[in-house]
Number of protein chains: 2
Amino acid sequence: MNSPVSGNGWEVHIADCLLWLERFPGVVDAVITDPPYSSGGAMRGDRTNQNVNTKYRTSGAPALPDFTGDNRDQRSFAHWCALWLASARIRTRTGGHLLMFTDWRQLPSATDAVQAGGWVWRGLGVWQKPKGASRPTKGGLWNDTEFLVWATNGPHKPAPEAPCLDGVFVSASPRNKVHLTEKPLEILDALVQIVPEGATVFDPFAGSGTTGIAAYRRHRSFIGVELDTAMAATAAHRLRNAERGAPVNTETAAMTLWQA
Amino acid sequence: MNSPVSGNGWEVHIADCLLWLERFPGVVDAVITDPPYSSGGAMRGDRTNQNVNTKYRTSGAPALPDFTGDNRDQRSFAHWCALWLASARIRTRTGGHLLMFTDWRQLPSATDAVQAGGWVWRGLGVWQKPKGASRPTKGGLWNDTEFLVWATNGPHKPAPEAPCLDGVFVSASPRNKVHLTEKPLEILDALVQIVPEGATVFDPFAGSGTTGIAAYRRHRSFIGVELDTAMAATAAHRLRNAERGAPVNTETAAMTLWQA
DNA sequence: CCGGGCGGTGAATCGGCCC
DNA sequence: CGGGCCGATTCACCGCCCG
């Protein structure tokens with residue numbers, strides 16, 4: 001285990017989360033994460049030669065770094081999720097929470113994996129994107145949602161003062177993204193409140209660290225694991241920006257992407 | 001096959017949809033339906049002695065008739081759905097649509113069944129209920145959504161003028177319900193527009209006929225099948241109200257529930 | 001006719017108790 | 001000890017009623 005980059009109540013580790021979890025001795029209160037979806041071309045065997053930039057980029061937007069782990073077929077996606085979900089659950093306190101993003105195509109696999117990993121599935125949240133930030137489907141349903149699987153490690157015993165989180169989050173994709181699938185900070189800001197202040201939030205696919213920033217600002221501790229060295233550097237940079245009270249997506253944060 | 005109750009562009013049959021479909025010679029353009037969810041207590045085997053009124057009713061609201069078929073366990077729910085979905089697909093034109101309501105708990109089983117029935121799953125819609133019309137979950141996600149599985153029979157080739165339906169429908173549960181799980185007319189009004197005017201909409205679980213009313217008002221033909229005699233009478237009554245341009249949920253419509 | 005106040009409601013869930 | 005039945009719980013919004 002490499003030594004992490006850390007700050008006041010947060011740490012970011014560069015590691016594969018499965019290997020990292022095997023050696024992690026602590027206990028966390030919630031797992032809040034956005035794993036690689038591996039969507040598109042599932043069950044069609046046509047994903048071997050695509051990386052994320054050719055897959056997702058359509059316009060003249062600046063290219064973002066390819067991220068790894070987004071090329072599994074559907075069955076192995078579910079199996080792999082079950083593995084890290086089981087490992088993460090072992091390190092989550094009884095009654096602790098899981099909040100995991102997924103898209104519609106992987107949703108059934110995701111809920112299967114969550115349950116296979118020993119979590120108790122308790123509901124679904126919806127991230128509704130404004131129409132401008134999504135794609136119309138002529139003659140069908142507008143594809144403007146992603147989903148959030150909510151589960152607990154065993155019984156759900158909310159504290160009397162525990163808030164009730166919305167089931168539908170309306171928010172546009174962030175501007176000035178430093179990660180291709182970066183989630184809106186305001187959604188993570190709501191999600192981290194599923195645990196009380198002082199609790200520890202764990203993100204095994206920390207990416208650019210948005211979960212950590214939300215946790216930091218809401219006075220929750222954060223442990224992030226990210227496989228990609230450059231992306232982990234970006235997460236650390238953005239968390240340090242948050243510590244300074246600065247905007248997180250600075251020019252220099254973006255530059256860390258290409259230096260490692 | 002009993003002779004149906006029918007009107008100008010609509011018919012309601014009293015039958016089990018699986019048996020009825022076996023003998024139906026026609027072709028429809030869309031299947032839009034809300035099957036019994038069989039939710040609650042899934043995988044816990046505790047559903048034997050519950051009817052829907054004890055299951056879902058909490059307050060002093062007037063009792064509505066129990067509906068049948070809401071007591072399958074999860075595996076047989078998926079299997080049974082696959083059966084009627086396959087039968088219905090055979091009677092749907094190539095490129096025709098399926099829109100099927102489900103709740104979060106049955107969503108993975110529902111999408112499995114849709115695909116097992118030979119449909120091509122193409123997306124998810126969300127029905128977001130106002131907070132007042134749903135249940136808070138302390139320390140977790142508010143349970144204020146139901147879902148809509150969208151699929152097509154084979155390739156999706158929308159007409160150039162085909163509209164794009166919303167992915168998220170915001171609507172309160174109807175007042176003066178005559179069916180325990182009656183869906184808002186405004187949502188069905190949007191959904192029937194997935195097929196052009198003059199096309200035929202089929203609902204194998206017609207219930208109180210809301211899908212038919214929406215289809216009638218939007219100049220689509222409607223074929224409904226409903227197992228429960230009293231509920232089918234209610235559907236016919238409400239459709240006749242719609243033909244007269246009258247409000248559909250009249251006192252007499254409610255009375256048909258208890259007469260058969 | 002408009003605005004504010006108030007009571008009703010909800011495609012459950014959970015703990016506890018009884019048999 | 002296990003399974004099933006009973007009843008308390010939850011809170012923002014909807015819509016009616018009244019001023």
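What's counted below: heavy atoms across the whole structure, side chains too, no hydrogens, waters or symmetry copies. By convention in this document, chain letters (A, B, ...) are assigned in the order of the sequence lines, proteins followed by strands, and residues within each chain are numbered from 1.
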### Query
Rounded to whole angstrom units, what separation is found between the CG atom of Leu64(B) and the C1' atom of dG10(C)?
13 Å
### Task
Please say which of Arg91(B), Arg220(B), Arg93(B) ends up in a salt bridge (charged side-chain N to carboxylate O under 4.0 Å, His left out) with Asp29(B).
Arg93(B)
### Task
Return no unless some side-chain N or O of Lys129(B) is found under 4.0 Å from OP1 or OP2 of dA11(C).
yes
### Task
Would you classify Phe67(B) as touching base, sugar-phosphate or nothing, given that sugar-phosphate means primed atoms plus P, OP1 and OP2, and contacts are heavy atoms under 4.0 Å?
base
## Note on the structure
From CG of Asp103(B) across to C1' of dG10(C) the rounded distance in Å is 14 Å
### Query
So which nucleotide does dT9(C) pair with, by the Watson-Crick or G-U wobble rule with both distances under 3.5 Å?
dA12(D)
### Task
Test for a donor-acceptor pair under 3.5 Å between the base of dA12(D) and the side chain of Asp166(A), counting only N and O atoms.
no
## Note on the structure
Picking from dC11(D), dT13(C), dC14(C), the nucleotide nearest the side-chain atoms of Pro136(B) would be dC11(D)
### Query
Quick one: do the Asn153(A) and Arg89(A) side chains pair a donor with an acceptor below 3.5 Å?
yes
#### Entry: Closest to the Arg135(B) side chain, choosing from dG10(C), dA11(C), dC14(D)
dG10(C)
### Message
From the set dG15(C), dA11(C), dC14(C), return the single nucleotide nearest to any side-chain atom of Lys157(A).
### Response
dG15(C)
### Message
Of the listed nucleotides (dC14(C), dA11(C), dA12(C)), which one gets closest to any side-chain atom of Tyr37(B)?
### Response
dA11(C)
### Query
How many Å lie between CG on Asp144(B) and P on dT10(D), as a whole number?
18 Å
### Task
Please state how far atom CD in Glu146(B) lies from atom C1' in dA12(C), giving the value in whole angstrom units.
13 Å
#### Entry: Whole angstrom value for the distance that separates P of dG4(D) from NZ of Lys55(B)
15 Å
### Query
At what distance, to the nearest 0.5 angstrom, does CG of Asp144(A) lie from CG of Asp166(B)?
7.0 Å
### Task
Please answer whether the main-chain N or O of Gly123(A) pairs with a side-chain N or O of Trp121(A) as donor and acceptor at a distance below 3.5 Å.
yes
### Summary
Note: contacts of residues 177-188 of chain B with DNA chain C (heavy atom, under 4.0 Å) are Thr181(B), Lys183(B)
### Task
Measure from the side chain of Ser173(B), starting at C-beta and using heavy atoms only, and say which of dA11(C), dC14(D), dT13(C) lies closest.
dA11(C)
### Query
For the atom pair NZ (Lys183(B)) and OG1 (Thr210(B)), what is the distance rounded to the nearest 0.5 Å?
8.5 Å
### Query
The side chain of Trp142(B) lies closest to which of these nucleotides: dT13(C), dA11(C), dC11(D)?
dC11(D)
### Rounded interatomic separation in angstrom, taking NZ from Lys138(B) and P from dC11(D)
4 Å
### Query
What is the distance from atom OG1 of Thr145(A) to atom CZ of Phe147(B), rounded to the nearest 0.5 Å?
9.0 Å
### Query
How many angstroms lie between atom CG of Asp103(A) and atom CD of Glu146(A), to the nearest 0.5 angstrom?
6.5 Å
### Task
Give none if dC1(D) has no partner; otherwise give the nucleotide forming a Watson-Crick or G-U wobble pair with it, both distances under 3.5 Å.
none
## Note on the structure
Contacts of Ala172(B) and Pro160(A) projected onto DNA chain D by closest heavy atom; the upstream (5') one is Pro160(A)
### Query
Rounded to whole angstroms, how far apart are OH on Tyr56(B) and P on dG7(D)?
21 Å
### Message
Quick check with a 6.0 Å cut-off and a 45 degree axis cone: is Lys131(B) positioned over the face of Trp142(B)'s six-membered ring?
### Response
yes
#### Entry: Spacing between Leu141(B) atom CG and dC11(D) atom P, to the nearest angstrom
15 Å
### Task
For Pro35(B), report the nucleic acid contact type (base, sugar-phosphate, nothing); a contact means any heavy atom under 4.0 Å.
base
